[in-house]
2 protein chains.
Amino acid sequence: MQKKITFDDIAKYTHFSKTTISRYFNHPETLTEKNRAIIKDALEKLNYHENKLAKVLANGKSEFIGIIVPNLSMHYYAEMLSHILATYQEFGYKFLVFESNDDPVMERQYISELIAYNIEGMIILSHCLSSQELSRLPIPIVTIERESQFLNGVTTDNYRGALIATSYLQSLNCDILIHINSELTPENPDYERTHGFLDICEKEHLPHQLIAQYLGATWDETNTIYEDLFQQIDTKYQGQKKGIFIANDTHANIFLNIVYRHYRNLPEDYNIIGFDDSSISREALIPITTIHQNIDTLSHAAMELLVDQIQNKKSKQLIHRQVEPSLIIRHTTH
Amino acid sequence: MQKKITFDDIAKYTHFSKTTISRYFNHPETLTEKNRAIIKDALEKLNYHENKLAKVLANGKSEFIGIIVPNLSMHYYAEMLSHILATYQEFGYKFLVFESNDDPVMERQYISELIAYNIEGMIILSHCLSSQELSRLPIPIVTIERESQFLNGVTTDNYRGALIATSYLQSLNCDILIHINSELTPENPDYERTHGFLDICEKEHLPHQLIAQYLGATWDETNTIYEDLFQQIDTKYQGQKKGIFIANDTHANIFLNIVYRHYRNLPEDYNIIGFDDSSISREALIPITTIHQNIDTLSHAAMELLVDQIQNKKSKQLIHRQVEPSLIIRHTTH
DNA sequence: TTGTACGCGTTATCAT
DNA sequence: ATGATAACGCGTACAA
């Protein structure tokens, strides 16, 4: 492994000074064309590779952004990370990635590691540290789809999504509208799905039931819970046309499979609608009608917000951006 | 945003020299307990945060590892990334992540960015650059489950996995054994699944068919192709007990859904076995029998290999580690 | 046990 | 248009 080539080497080789070499990269206009060519040549001959760390130390801009996701086993987060990484093309920021696994202690450690590397900003998707705590950190932060009272953040307009889902079920002339979700507090953006469902049902006086309860932490547990829920719903609303709006696509898929296993079919009186438009909704046994979350727009908006904060160090005003969801009609609604 | 505190500030505050402050972190034994306390105190009072970039510049160890995945939409890669990130706890390395999306031009750019940040090593899961090209880079590299002729790498023992799958189907007294996979070249580790299948079938004189063809690039395309394949298989082997070993769980799930939609059931004479033990195999309509790839072991082995290379700069000998797969019997085999 | 002086590879300021 | 010199924040001989 040959010794690393530095500006000094190039300088000696070309009989210029280090400064001129630096300028070659940062202000090439100020060099004569001839000298530019000479330097270009030397760079190739000596096989120079830039050292960004030295650059960072000298000018302070690391071009790093830290990102903390709760996990990568849920496609939702994996897909979000994927879109965030893709913004490299547009913004040039590199990403240092950590998985929090809902451990606040580890998350704090990750954050201090990140800060030690002079990251210019952070994107938080995990839920285990409050926005209040995070807001005290000395770097720009943007959250995605999480509690964000004290921080800039982007979320899907979940309230609107719930409205779209519910009124679509209504338009299908369902006899009973059911929403299944976890018990949530209003700070959580997901709560707006429940909120929207209830609002429209009450305003329009639609027969409805809200099932808000613990829905399991593992797939098996969730499956068991939904089997139970299915029994309840199936007997309670026998013969009625049911419109079931479920918290997310993963759960909708579980429910769909249970119904299908029971009836060897999805009966006409079952209408299921999920949320997220994640891959499972497309790849399910019967492609699932769902509310599309524009993950691409979400992640791009997050990066825009963050880059803005990084560049204009001012921005006292909190910004919360909402992204419009849309209805994807597939085959679990008739 | 207050000015950043440095060793100099701490030094002035405590009337020690910078060196002593440095030693506080790197060789605390050499300080008296009393002085350690004084410094500790000052660090807190002034709210010091370490600057790892400066440290890296001074001592050359960035504690960065670069990692390039093909994408994160396939759970396989997302899960692998997840396990690799988790090794932070054991090895302390931070990860700079890029998604190649099978673009060799971008991948080369990512790599030079990574090298510019003095990464100590790289883990490659993407397929678009040959191990020969990669082996010319001036940093330690380990590959996971890909062509690795000129580089250290870890793979699942796919040959063994195919043997296990096939002989399990044989033990079920199938009349015909079928393997569905893409057309692969022998350098690709996945080829060993086909290789193993053929070997055992021929050695034991088992009736078999190999379907090796293009299987689609999008989910829709793949689905269409498998619908076609199902028609062929279903008519050709009517009444026979079929043992179908499919390239991976995602495809196995697609095939399962097609069969189920057709028969509203999985008939006794259909035996399906996937590969990977990815989440979809557990969460399918009927949990899918599959070959377990130990992703945890794979990623850990990869990190061990890499850390080894980083520490002992020698290692001329190429190392290829194979990880044992195992059979997970679920409900698509009878 | 502690301090001095220099190096790591850039950028920035001020000259020329 | 180009150069000399001093940062950036920390590690490490070597000296004391």
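All chains are named by letter (A, B, ...) in the order of the sequence lines, taking the proteins before the strands, and each is independently numbered beginning at 1. In what follows, every heavy atom counts, from backbone to side chain, and hydrogens, waters and symmetry copies are set aside.
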Protein N or O to nucleotides 1-4 of chain D N or O, pairs below 3.5 Å:
unit_1 : atom_1 : unit_2 : atom_2 : d
dT2(D) : OP1    : N35(A) : ND2    : 2.0
dG3(D) : OP2    : S17(A) : N      : 2.9
dG3(D) : OP2    : S17(A) : OG     : 3.3
dG3(D) : OP2    : T20(A) : OG1    : 2.5
dG3(D) : N7     : R23(A) : NH2    : 2.7
dG3(D) : O6     : R23(A) : NH1    : 3.4
dA4(D) : N7     : T19(A) : OG1    : 3.3
dA4(D) : N6     : T19(A) : OG1    : 2.8

Scan the side chains in residues 50-57 of chain B for donor-acceptor partners under 3.5 Å anywhere in the protein, sequence neighbours excluded, and list what turns up.
unit_1 : atom_1 : unit_2 : atom_2 : d
N51(B) : OD1    : L53(B) : N      : 3.0
N51(B) : OD1    : A54(B) : N      : 3.1
K52(B) : NZ     : E63(B) : OE1    : 3.3

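- The listed nucleotides are dG9(C), dC8(C), dT11(C); the one nearest the side chain of S22(A) is dT11(C).
- In this structure, L57(A) places its CG atom 13 Å from C1' of dA12(C), rounding to the nearest Å.
- Rounded to an integer number of Å, the gap from CD1 of I38(B) to P of dT1(C) is 15 Å.
- As rounded to whole Å, 12 Å separates atom C1' of dT10(C) from atom CD1 of I21(A).
- Within the nucleic acid shown, Y48(A) comes within 4.0 Å of sugar-phosphate atoms alone, with no base atom in reach, counting heavy atoms only.
- Screening residues 116-142 of chain B for ring pair (Phe, Tyr, Trp, His ring centres under 6.0 Å) gives F64(A)-Y117(B) as the qualifying pairs, with residues at least two apart or on separate chains.
- Take H300(A) and apply the ring-ring contact (aromatic ring centres under 6.0 Å, His included) test, not counting sequence neighbours, and it matches F91(A).
- Contact annotation: N26(B) side-chain N/O to dG11(D) OP1/OP2 distance is under 4.0 Å.
- Summarising the geometry, the separation between CG on D9(B) and C1' on dC10(D) is reported as 13 Å, rounded to the nearest angstrom.
- Residue K61(B) contributes atom NZ, which lies 19 Å from atom P of dC10(D) at whole-angstrom precision.
- N35(A) places none of its side-chain heavy atoms less than 4.5 Å from the side chain of T20(A).
- As rounded to whole Å, 18 Å separates atom C1' of dT11(C) from atom OH of Y24(A).
- S279(B) pairs by the side-chain hydrogen bond (donor to acceptor under 3.5 Å, both in side chains) definition with nothing, not counting sequence neighbours.
- Counting to the nearest Å, the C1' atom of dT10(C) and the NZ atom of K52(A) are 12 Å from each other.
- In this structure, E107(B) contributes its side chain and L129(B) its backbone to no donor-acceptor pair below 3.5 Å.
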Enumerate, atom names and distances included, each donor-acceptor pair closer than 3.5 Å involving a side-chain atom of residues 65-80 of chain A, sequence neighbours excluded.
unit_1 : atom_1 : unit_2 : atom_2 : d
N71(A) : OD1    : S73(A) : N      : 3.2
N71(A) : OD1    : M74(A) : N      : 3.1

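- Within the 4.0 angstrom heavy-atom criterion, no nucleotide atom of any strand lies near D8(B).
- Atom pair Y117(A):OH and dC10(D):C1' shows a separation of 13 Å (rounding to whole Å applied).
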